[in-house]
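If you're wondering where the values come from, they're calculated on a predicted model, not measured in any experiment.
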Amino acid sequence: MSTAETWANDNLNSFKQRMRISTNDSDELANLTDMLIASYTSILRLVGVPDASDPEVKELIFERSRYTYNDALDEFKENYSQNIRDVFLANQPEESEESDDKITESPSIF
């Protein structure tokens with residue numbers, strides 16, 4: 001089982017509670033789990049972190065999954081671009097003093 005699958009299984013009930021989903025239908029649970037797996041993978045890639053231990057990362061995973069559930073995934077990046085950028089920047093390594101003399105541009109995350 002991949003890290004994404006383990007995370008999705010561990011957080012499925014929290015996501016269901018947040019979304020007020022009470023079903024125990026195996027097909028719907030599999031669908032929700034797939035949404036969480038895809039969102040986990042996507043968000044970790046977007047913000048450049050190795051895992052979802054940061055509560056802000058978990059929040060972004062849940063929000064992306066919510067947008068997917070509501071067939072509005074195309075709106076997620078636009079609506080959460082500032083949150084994604086903030087988490088991305090917060091997880092970048094500190095630059096050395098040598099690089100302060102250079103003009104650098106923040107890498108685009110979109």
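Of the options L12, N9, I21, a side-chain contact (heavy atoms from CB on, under 4.5 Å) to L29 is made by L12 and by none of the others.
Annotation: the span from I84 atom CD1 to E78 atom CD amounts to 11.0 Å, rounded to 0.5 Å. Of the inter-residue distances, the one linking T41 atom OG1 with L36 atom CG reads 10.5 Å to the nearest 0.5 angstrom.
For D25, the side-chain contact (heavy atoms from CB on, under 4.5 Å) partners at least two apart in sequence or on another chain are T23, D27, E28. By the side chain to side chain donor-acceptor pair (under 3.5 Å) test, D51 pairs with S53, sequence neighbours left out. E5 is linked by a side chain to side chain donor-acceptor pair (under 3.5 Å) to S2, counting only residues two or more places apart in sequence or in another chain. With sequence neighbours left out, the side chain to side chain donor-acceptor pair (under 3.5 Å) criterion links S22 to no other residue. Every residue two or more places apart in sequence or in another chain that forms a side chain to side chain donor-acceptor pair (under 3.5 Å) with N24 is listed here: K16.
Applying the ring-ring contact (aromatic ring centres under 6.0 Å, His included) rule to pairs touching residues 33-58 yields W7-Y40, sequence neighbours excluded.
For the 3.5 Å distance criterion, the side chains of Q82 and D86 qualify, holding a donor opposite an acceptor.
Of the possible donor and acceptor atoms, one in the side chain of D54 sits under 3.5 Å from a partner among the backbone N and O of E56.
Side-chain contact between V87 and N83: absent, with no pair of heavy atoms (C-beta onward) separated by less than 4.5 Å. Contact of the F88 side chain with the V49 side chain is not registered, since no non-hydrogen atoms from C-beta on lie closer than 4.5 Å.
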Sequence neighbours excluded and cut-off under 3.5 Å, please list the side-chain donor-acceptor pairs for residues 60-68, or say none.
| from | atom 1 | to | atom 2 | distance (Å) |
| --- | --- | --- | --- | --- |
| E63 | OE1 | R66 | NE | 2.8 |
| E63 | OE1 | R66 | NH2 | 2.5 |
| E63 | OE1 | Y80 | OH | 2.9 |
| E63 | OE2 | R18 | NH2 | 2.4 |
| R64 | NE | S42 | OG | 3.3 |
| R64 | NH1 | S39 | OG | 3.0 |
| S65 | OG | S39 | OG | 3.0 |
| S65 | OG | I61 | O | 2.9 |
| Y67 | OH | N79 | ND2 | 3.0 |
| T68 | OG1 | R64 | O | 3.0 |

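Across all their heavy atoms, A8 and I37 have their closest contact at CB-CG1, 3.6 Å.
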